[in-house]
Structures are given as structure tokens and as C-alpha cells.
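What follows is a single structure, written as C-alpha cells, with notes after it.
All values below were derived from every heavy atom in this structure, side-chain atoms included, with hydrogens, water molecules and symmetry-related copies excluded. Source: prediction; values computed, not measured. Every chain is numbered from 1, with letters handed out A, B, ... down the list of sequences.
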There are 2 protein chains.
Amino acid sequence: MDSQELMVRASWLYHVEGLTQAQIGERMNLTRRRINELLAAALEKGVVRVSFNSPLAENAELEARLCRRFGLKDAVVAPTPADLDQMHAVMGRAAAAFLDRFIQARKPRSIGVGWGATLHETVLQMTGANEPEMRIRSLMGGLTRGSEINTFEIVRSFAKVLNAKCHYFAAPIYAGSEEAHDLIMSQPVFQEFLREGSNVELSFLSVGDVTGRSLQIRYGLPPQVDIGRLVAAGAVGDLLGRYLDASGQPVDHPLNRQVISPDIEAYRGIPDRIIASGGPHKHAILLATMRAGLATGLVTDAESARMLLKVGG
Amino acid sequence: MDSQELMVRASWLYHVEGLTQAQIGERMNLTRRRINELLAAALEKGVVRVSFNSPLAENAELEARLCRRFGLKDAVVAPTPADLDQMHAVMGRAAAAFLDRFIQARKPRSIGVGWGATLHETVLQMTGANEPEMRIRSLMGGLTRGSEINTFEIVRSFAKVLNAKCHYFAAPIYAGSEEAHDLIMSQPVFQEFLREGSNVELSFLSVGDVTGRSLQIRYGLPPQVDIGRLVAAGAVGDLLGRYLDASGQPVDHPLNRQVISPDIEAYRGIPDRIIASGGPHKHAILLATMRAGLATGLVTDAESARMLLKVGG
DNA sequence: ACATCGGCGTAACATATGTAACATAGAGAC
DNA sequence: GTCTCTATGTTACATATGTTACGCCGATGT
């Protein structure tokens, strides 16, 4: 086709000279329609192409692919830090920027949060807002043993930075036994809380792994739990204290019958479910949650994103 | 600025994913306005850039620069052929495509043409049209001595390919003497013809050089003319049989007082004045015509274009 | 010679884009 | 504290863009 030359000329005038399609048509004695076609053809045939000159471009690509692959509404991929100790800070910054915009634009009436190092960093990095009518709810009970990062502290921090109402979940994460769990859960106050909890418009959690790096493992579990048996049952990590297998299903283990938090179906009822976690030890549980479609939004690091795209689906 | 990341993300969604700015704003929780700015900034800051993957791109650039530098309305730059013998064919093809579009779109009522190898090739390559009301006029007299390419043949070929009316210029190019010139020019028929000639809406000429390669030099000049004296007078080539110096002014030489064609001022009165010439031996005269602003449109080859841009202005 | 078909121009339209005018809120200066 | 100042959101509008429907014309095949 001779139009190669026309495509190049039209594209040059359009992209470099900044003329309008109508002006180009005038100058080249062609109709605007024709120019429009030529420009589209030039792009399609690769005569002109848009190239990205930023390392961030790859992250943007990963985000788009994550959205497509796992049906996400939102995805944020931050650069994987060379020093993995920075991971929480990186995740925090990325998640904070995302949440700031999300909250600013969508003004959810209520937000449910989990806990962990990532959430701690996130709330530190948030710009915040002034939303006195907004409710921040913990979606999990509190730690009974100490940690420098406590669930109560997290939810309070969120409420403070957003100047919003703060709703603690006045219960332990795990009941001492299955019977105690059923008893606690039957309390009207918890019934309502769990119903309300899963009524939030937005949830923001991280997932936990099953290694000693996990705060949940170190401080959240009842003292007598044998991690080995948890792993043997197929657990690859937890979401809201509930331990999941590689397919994202709760494993058959007493802990899952003692956990006091919205069950998976209730959780799925939350319209926007953001999960923010990064780093290699989170790979298995991230993959599980993605496969099970538990999140509508993901904040993670580039390496994890690549893993998800390579393995998952 | 932290917006680097936002720019990349927005640009990716726009250019690669093909989302609309409004959709991106929705997805990133930003206003459409902001996205618009981000995209513009990304382009400006070079975060994304449009690159051309065609050797023709450089020609398009040369065209744009020629237009700017010399105030042209139209410029066509064809690739310089490796074999310079192909130059006329290349020029012809480029000029033919240009003229086809020009005539098709603008329907000039009358076109004035010169002569030469380039015009010969041009008319051969034209698709043509069917414009019975269009008048093709020769802007120069005819050759008195033979050439395989004759002015009369050129104008007739144009008229034929356009199915238009054909108006020959029934005179020699040069009168035998200055007195004869004045006498001829005073004839009512020529007076009218010259007036009409410069009344054409479009002129299509090539320029001539002052070497033996020029058909004008070989066949057009009266026998006794000494090329050396022409050159000594400063001539670098001719336009419509009028020899010009490096600044585009007619040289002081008897030939210029014998030539029978519209004078420079009359020529300038033509709204669209296309000059088509390429190859190194045309450089000097091309530069002269460009400097003097004699053309509104130029068809040339890449090498010549580069020369004009490097030297001229 | 005639019918058919694809390419292109024309016109009209719905959408998308760029921009201006104004409002608002947060950051920094005094 | 109050101020301005800048950056951004809001709204509205003028342009530009992409797309559709339709008709002309020349090319092609029978």
C-alpha cells in the first residue's frame, strides 16, 4: 500500500506538529475522515508507537494485567524494594495514596480494617480527610497479648487520620474453644457487630502468612496452637484470622472454628475489598486469595505481581 | 513530584489499555481534568513518547521544517534515490500524488505548467481526473529546436490526463533580441496571454540549473548564448526561463530581457506556486527560489531538503 | 455492455477532549 | 491567628474525534 507515506506524514503532523486532524486533512488535501483512518492505521501497523520511558511503566502494565486476570477493580503495583525490610513501608505508601484517593472520591460511609505491619505503615502515610460521619470498624477482635502494633491502635489511627468515628471489635480474635466460639458468636452484641462489620462499604486488609514473620502467628494465635498442624492441614496463610488453603478455601482446623470475624461469605458481601500485602513470604496466601476472588482490589509489589501472573489464574 | 507514578499509570491505561480519560479518572479516583493534565504532562516530560518506526518519518520531519523555515503551504520530501538517474521518476511520483490530491480537493479552474523531465515524469504518474472546465496553460513559450520532451507535449499531457482544456503558449521562450522581445510582448495576444497566464490559480514548475544536465540549457536557449557569461553574471539557474542569482533576483543578462514569460511579480500573483525539483545540481537554484519566497509549495528529495535547511533561511 | 463491489467522499451525530471560569481547601508567610 | 497563594475540584462549553449511514465512481468480472 502506498499509504505508508501518508500514514507517516499524517502521524507526524498530528503527534509532533500538533495539528488537528481537520488541519492535516486540509494541508494534505484529504478528508478528515481519511486522516482519522490513517492515524489509526499508523498506530495499529506500528508505524508510530507510544513508548514508555519510565521503570514505573512495567508496574502499570502489571496492574492492568492483574485487573484482567483476577477480575480486580483496582490494582496498585509498587516497585519491589531491594531491601525487603522496606516492604511494609513501600506497601504502606502505595496503599495510603490509593486509599486517600479512594476515600476522597467515593466517600464510603464505613470502612472495615484489619491489622498488621502493612496497615500500620499505611495509616502513617495517609494524608487523611475530615469525614466526621464516616465509620471505621475493626473487622477482627483484638489481641489479648501485647504487640507494638495492635488491632485497636490500627483502627483508632485510621479513625483519627480521617477524623471519623471509631468502632472497636470488643472481642478476642479467637475463642478459647469451639464451644466458647459458638457462645460468643451467639451474643446479640457480636451478632450485630458481625452483621454491621460485613456491611461496610470498603474493607482494607492485609493477608498473613504461616511463618514466624507473621504478627498474627506470633501474637494473634492462642498459645497452644501448633503451627505445624496448621500447615499440615493445608494452610498457606490467613485472611481475617481464618486460615486458607492454596485454593482460598478455609482449611479444616479447629482455629477456623474458633475465629471471631465475618465468615468468607459475609466478607464477600463487602463491595470493595482491598488487600495490601507484599513480599515473597506472602506469595502463597496472596495467590490463594486471588484465585478465590476474595479481593476486588490489590496493593502489592512488582515481584509478587509477576508471581501471581505467572502462576495464578 | 510524586505524580510520576500517576502519569505512568494514566498513560498506560490511556495509550495501551485504550480507556477513555473519564474511565481512567473513575478507576484512579481522580477527576477527568486531572487525568487530562497527567497525560499532557507525561507527554511533555517525556515519560511517554511517540516514536516513528519508518524511514519515511524523517522525510515527514523535513517537510514540516521546510514549511516553517520557508513559509511554505505545502512540502513533499521523497527519499533521495541511491541512483540519481531515478531522481526524475521519484520526483514525478511524489509530485503526481501531490497534484492528484490537490486537484481533486481544490479543483483549481486553471493550472499553469512549465516543462522539463520532472514534469514529464509527473504527468505520466498522475491518476488524473475528469475536469472539462479546467484550463491547463503553458506558462512558457515553446521550444524551437527539438527535444524528446517539449513544452507543448507537457501541457497537452496534463490536459489529457485531467481531461481539461489545453492552452498552448504560441511563442518562443526567448525572443531573438531585446527589441524583438519588446515587439512580441506588445502584441495584444501575448499581452492577454501573459495576463491570463499569471491568472492561473496553481502553477506547477520545476527549476533549471546552469549545467549541461538542464534541458533548458541544452535545448531552450538561443544558440549563441554563452553559458559562461550567464554564470559570471551570477546565475544559478532559471525559473520560467528567467535566470536568477543566489538570492533569487533576476541577473543582469540579455537573456532576461528576451525571455517571454510572466515576470517575477506576475508569477508571485499566482496563489499556489508549486516547484518540483530534486538532485544535487538543483541545489543552488532551489535555495535561491526558497530564499526569495518564490514558491508556496515544494516537492523535492530528502538530500536537497537537508541542504536547504542547513544552508538556507 | 452491464451488474456488482469496494474504496472513498459527504454529512451528520454522539462522544471524548481540552480549556476557561470559578470555588475550595491546604500550605506557608507574616 | 489571618493572610495569600497555589493546587485541585466543579462546572460548563467549544472543539476535536470516532463512527455511522449513504451515495458516487471506477474497477472488475461475466
Option among V76(B), T300(B), V299(B) that satisfies the side chain to side chain contact (heavy atoms under 4.5 Å, CB included) test with E63(B): V76(B)
Could you walk me through whether R268(A) and L294(A) satisfy the side chain to side chain contact (heavy atoms under 4.5 Å, CB included) test, starting with their C-alpha distance in whole Å, then the side-chain angles of each, then the deciding distance to 0.1 Å, before giving a yes or no? CA-CA 7 Å; R268(A) 281 191 198 275; L294(A) 290 172; 3.6 Å; yes
Given dA16(C), is OP1 or OP2 found less than 4.0 Å from the side-chain N or O atoms of Y14(B)? no
Starting at CG of L6(A) and ending at P of dG7(C), how long is that distance when rounded to a whole Å? 16 Å
Just how far, in rounded Å, is P of dA16(C) from CG of L39(A)? 19 Å
How close or far is atom P of dG26(C) from atom CD of Q104(A), stated in whole angstroms? 9 Å
How close or far is atom P of dG9(D) from atom CE of M28(B), stated in whole angstroms? 11 Å
Write down the distance between CZ (R33(B)) and C1' (dA12(D)), rounded to a whole number of angstrom. 13 Å
When the nearest nucleotide of DNA chain C is assigned to A22(B) and to R34(A) on a heavy-atom basis, which residue is associated with the more 5' position? R34(A)
Of the listed nucleotides dA16(D), dT19(D), dT17(C), the one nearest the side chain of T20(A): dA16(D)
Taking CD from Q21(A) and P from dG18(C), how many angstroms apart are they, rounded to a whole number? 12 Å
May I ask you to decide whether K165(B) forms a salt bridge with E133(B), counting only side-chain N to carboxylate O separations under 4.0 Å? yes
Whole angstroms only, please: what is the CD1-C1' distance between I35(B) and dG9(D)? 13 Å
What is the separation between atom CD1 on I103(B) and atom P on dG9(C), rounded to the nearest whole Å? 15 Å
Out of dG9(C), dT10(D), dT17(D), minimum distance to the side chain of T31(B) belongs to dT10(D)
Between Q23(A) and E37(B), which residue's closest nucleotide on DNA chain D lies nearer the 5′ terminus? E37(B)
Do the rings of W12(A) and F52(B) sit parallel, tilted or perpendicular, given the 30° and 60° boundaries? tilted
E37(B) with R34(B): basic N within carboxylate O range, under 4.0 Å: yes
N/O (side chain, N36(B)) to phosphate O (OP1/OP2, dT17(C)) under 4.0 Å: no
Quick check: on DNA chain D, is the nucleotide nearest R32(B) upstream (toward 5') of the one nearest N29(B), or the reverse? Name the residue that is more 5'. N29(B)
